[in-house]
Protein chains: 2
Amino acid sequence: MDHAAPQSPAGLSTTPSWLLNQTASHAARLLSEGFAAHDLRGYHYRLLATLTEEGPASQADLGRRCGIDRSDVVATINDLAGRGLVVRAPDPADRRRNVISVTDAGADEARRMGVTVERVQADLLAPLSTDEREQLTRLLTRLLRHHSRH
Amino acid sequence: MDHAAPQSPAGLSTTPSWLLNQTASHAARLLSEGFAAHDLRGYHYRLLATLTEEGPASQADLGRRCGIDRSDVVATINDLAGRGLVVRAPDPADRRRNVISVTDAGADEARRMGVTVERVQADLLAPLSTDEREQLTRLLTRLLRHHSRH
DNA sequence: ACGCCAACGTTGGTGCAGCCAACGTAACAC
DNA sequence: GTGTTACGTTGGCTGCACCAACGTTGGCGT
C-alpha cells in the first residue's frame, strides 16, 4: 500500500549533482548492507582491498591512496588489527612509519568482501547494458581525474 | 590496466560504486562550500527548492519528495522558519498537518541558491561536452528510476 | 653539526547526512 | 466505539569526511 511516491521534484531531478548524490547514496546503502554481513564498513574494505592489491604500506600512504584521512586510518587499522585481519609493525627503515600488512585471514576476508562488492555492482547496474556501464565508468572517471588535480 | 596511478588502486578505481561515491562526494563538497556562503546546508536547499517549485506542502509530503526523514524535516523547517524563509501554519483541513509555505524572502533565497547550484554544476561538469552531460544524466536517471521502485 | 621544516601516527573533536524508535494527537476504517 | 494509520516532534545513533594539535622522527640547508 505504498503511496505512488512521486520522488524528486522536476527541477532537482535533472540536476546532475542531485542525480549523483542520490545514486551514490543508493550504492552506498547497498554496499553498507552487504558489508554488514561481514560486520565491517566501507573504510575497512577500502583499506583491506588496497592492501591486498598493492601490498604492505604505511598508514599515511594508505590514507592517500584510499582518500581516507590519516586519523580515520588509525581507528580503522586498529579495528582491523584487533580482528587479526592486518598486522601493524614498525618500519625499521623509518621509525616514524608503521608498515601495515594483511594476514591470511585478512586476505580471505578481502576476497569474500570482493565477492559481496561484485554482487552489489551487478545489482546496482542491472538496468544498464555492458556498453552503458562502460560509458558511465568512462564519464565518471573523467570527472574524477579532472577534479583530482586540485 | 595496471597503470599504477598514484590515486586510487586499480581494483577500486574501476568499480562503478567507487566512482559514484567519489564523484558524489566531490560534488557534495562543492555544493557544501557553495551553500556555506548562504549559511545554509543541503537539506535547506532541497526543501526550499521543492517548496518554490511545487508550492506549499505538508512536512511529511516534503520529506517524501526530497528523500528526507520526517524528523530531519522538522529541524530543517524550524531553522528555515527561524530565518523567515518559510512559514509553518496548521492545516485547517487536517489538524495533524502543518502547511509549509515559502515567504518572499524564502523565494529570493531559493533563487540565489539556485544560481549557486548552477555554478557548481558547471564547475563539476566542466570536462564534459553537452552530449556527454546528457549521457550522464540519462544513465543516472535510469539507475535511479530502476531502483526507486524498491 | 646544527637548526629548521616536513612527514608520521595519534588523540580528540566537528559537521552533515541518513535513519530509527517512541510518543501524543488527529484522522480514518470498520 | 474501537483499532489502525498518518502526522509532527523529540531524542538518539551511525557512517563518512575533515580539521587542529601534539610528540616523534627524518631530511635538508647552511
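Throughout, protein chains are lettered first and strands after them, A, B, ... in sequence-line order, and every chain is numbered starting at 1.
- Rounded to whole angstrom, the span from the OH atom of Y43(A) across to the C1' atom of dC18(D) amounts to 9 Å.
- The 5' end of DNA chain D is approached more closely, in terms of each residue's nearest nucleotide, by R41(A) than by the other of P92(A) and R41(A).
- Between the side chains of Q121(A) and S17(B), at least one donor-acceptor pair of N or O atoms lies under 3.5 Å.
- A straight line from CZ of R46(B) to C1' of dA17(C) spans 8 Å, rounded to a whole angstrom.
- Against DNA chain D, the stretch residues 110-120 of chain B makes no heavy-atom approach under 4.0 Å.
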Next on the checklist: What verdict does the side chain to side chain contact (heavy atoms under 4.5 Å, CB included) test give for L20(A) and L140(A), after you've listed the backbone C-alpha separation in whole Å, the side-chain angles of each residue and the deciding distance to 0.1 Å?
Outcome noted: CA-CA 10 Å; L20(A) 269 172; L140(A) 292 177; 3.9 Å; yes
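- Contact annotation for G67(A): no contact, since no heavy-atom pair falls under 4.0 Å across all strands.
- Partners of R142(A) according to the salt bridge (Lys or Arg N to Asp or Glu O under 4.0 Å) rule, which considers only residues two or more places apart in sequence or in another chain, are E132(B).
- Contacts of D94(A) classified as salt bridge (Lys or Arg N to Asp or Glu O under 4.0 Å), with partners at least two apart in sequence or in another chain: R96(A), R97(A).
- Atom CD1 in I68(A) sits roughly 9 Å away from atom P in dC16(D) (whole-Å rounding).
- Rounded to an integer number of Å, the gap from E33(B) CD to dC16(C) C1' is 14 Å.
- If you measure from atom CH2 of W18(A) to atom C1' of dA17(C), you get 12 Å, rounded to the nearest angstrom.
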Item to check | Summary of protein contacts for nucleotides 7-13 of chain C, nucleotide by nucleotide, where a base hit scores B, a sugar-phosphate-only hit scores S (4.0 Å, heavy atoms) | outcome: BSBBBB-
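- Side-chain contact check for S101(A) versus V99(A): some heavy-atom pair is nearer than 4.5 Å.
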Next on the checklist: Run the side chain to side chain contact (heavy atoms under 4.5 Å, CB included) test on D91(B) and R95(B) for me, step by step, so that the C-alpha distance in whole Å, both residues' side-chain angles and the decisive distance to 0.1 Å come before the verdict.
Outcome noted: CA-CA 6 Å; D91(B) 186 341; R95(B) 288 189 301 177; over 6 Å; no
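- With rounding to whole Å, Q22(A) atom CD is found 11 Å from dA17(C) atom C1'.
- Taking the salt bridge (Lys or Arg N to Asp or Glu O under 4.0 Å) definition, one finds that D69(A) meets it with nothing, sequence neighbours left out.
- Put simply, CG on D91(B) is 11 Å from P on dC7(D), counting in whole angstrom units.
- Going from atom CG of D39(B) over to atom P of dC16(C) covers 9 Å, rounded to whole Å.
- For the salt bridge (Lys or Arg N to Asp or Glu O under 4.0 Å) test, no residue two or more places apart in sequence or in another chain qualifies with R88(A).
- Contact check for H44(A) versus L48(A): no side-chain heavy atoms found under the 4.5 Å cut-off.
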